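In what follows, a structure is listed as structure tokens, so that the remarks can point back to it.
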Amino acid sequence: DEFRSLIGQTAPGLDTLHFYNYGEPFMNRAAEDMLLYARQQCPHAHIRTSTNAIPLAAAARARKVIEAEPDLTDEELQSVHRGLQAELRRIKLDRAVSLSVVRNLVSRRGHDRPIAGVYGTGAGSITVRAARGQDNLGILNHEVIHALRDPDYWRARYGLFTKQEWRALVRAARENEAIMESVRARYPDLPGPAQSEEAVAELYRLWRAGSPAEKQPGPTAVRALGPS
């Protein structure tokens with residue numbers, strides 16, 4: 001009752017709830033119910049907690065915590081960063097492109113709209129907003145195309161692609177109706193070339209995930225995409 005009263009008083013302006021102090025917060029048998037209530041009353045708040053997971057061995061307790069959608073712990077965030085950094089290393093971009101993995105990320109185009117990832121044009125930097133149940137690797141792979149294509153960073157018109165490679169990738173992406181429908185819906189205000197780049201980024205994300213394409217890209221596009 002005291003917790004409910006506190007949440008009721010603070011909910012309208014609550015931005016971040018730190019659901020921990022010293023020790024294991026889930027030693028309190030009502031902790032998961034409190035966490036879930038906080039999420040229900042504050043759907044847009046950032047909720048941060050920590051646990052050694054031992055008290056959550058009971059599936060019913062663990063499900064309530066998952067339903068409350070707390071932010072990633074520091075350990076989880078570091079784990080995601082290590083995994084994504086390993087992918088950049090695999091494709092030999094780890095020294096050229098910097099990576100940040102964060103809990104919160106909003107669009108710079110206004111309205112503070114949450115976004116999953118962004119590439120810093122001219123800066124060679126990728127930022128991924130990590131979340132549970134999200135394809136964090138897919139988000140990285142999408143942004144990788146923006147990094148590879150950045151003419152300002154690489155001082156070349158097509159970035160690290162040749163003109164032939166880029167045109168082949170654009171053609172392959174535009175022939176995929178599902179990709180183009182998604183791009184037009186998500187980026188209706190972007191000009192044609194920018195939409196094409198978003199489409200290629202999605203093509204690469206799907207290619208790396210091994211998703212079947214409506215139409216197989218040609219040999220030049222396949223070489224540019226690399227192994228799936």
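This structure is a prediction, so every number in the text was calculated from the model and none was measured. All residue numbers refer to positions in the sequence shown, counting from 1.
Ala173 is linked by a side-chain contact (heavy atoms from CB on, under 4.5 Å) to Ala199, Val200, Leu203, counting only residues two or more places apart in sequence or in another chain. With sequence neighbours left out, Arg48 forms a salt bridge (charged side-chain N to carboxylate O under 4.0 Å, His left out) with Asp71. Residues satisfying the side-chain contact (heavy atoms from CB on, under 4.5 Å) test with Lys163, not counting sequence neighbours, are Tyr158, Arg167. Applying the ring-ring contact (aromatic ring centres under 6.0 Å, His included) test to His146 and every residue at least two apart in sequence or in another chain returns His142. Annotation: salt bridge (charged side-chain N to carboxylate O under 4.0 Å, His left out) contacts of Glu76 (sequence neighbours excluded): Arg132.
Using a distance-only test at 3.5 Å, with no hydrogens or angles considered, no donor-acceptor pair links the side chain of Glu143 to the main chain of Val128. Side chain of Ser182 to backbone of Ala178: no donor-acceptor contact under 3.5 angstrom is found. Not one N or O on the side chain of Trp166 forms a donor-acceptor pair closer than 3.5 Å with the backbone of Leu160.
Through chains of ILVMFWY side-chain contacts below 4.5 Å, Phe3 is grouped with Ile7, Leu14, Leu17, Phe19, Phe26, Met34, Leu35, Tyr37, Ile47, Leu56, Val65.
Checked by atom type, the side-chain pair Gln9/Ser5 shows a donor-acceptor distance below 3.5 Å.
Using a 4.5 Å heavy-atom cutoff, the side chains of Asn136 and Val101 are not in contact. For the pair Leu148 and Tyr119, the minimum side-chain heavy-atom distance is 4.5 Å or more. Put simply, the side chain of Ile179 reaches to within 4.5 Å of the side chain of Leu206, judged on heavy atoms.
Among the candidates Arg61, Arg39, Lys64, the single residue satisfying the salt bridge (Lys or Arg N to Asp or Glu O under 4.0 Å) test with Glu32 is Arg61.
Closest non-hydrogen pair, Ile145 versus Tyr204, comes out as CG1-CB, 3.5 Å.
Using a 4.0 Å cut-off between charged side-chain N and carboxylate O, Arg186 and Glu198 make no salt bridge.
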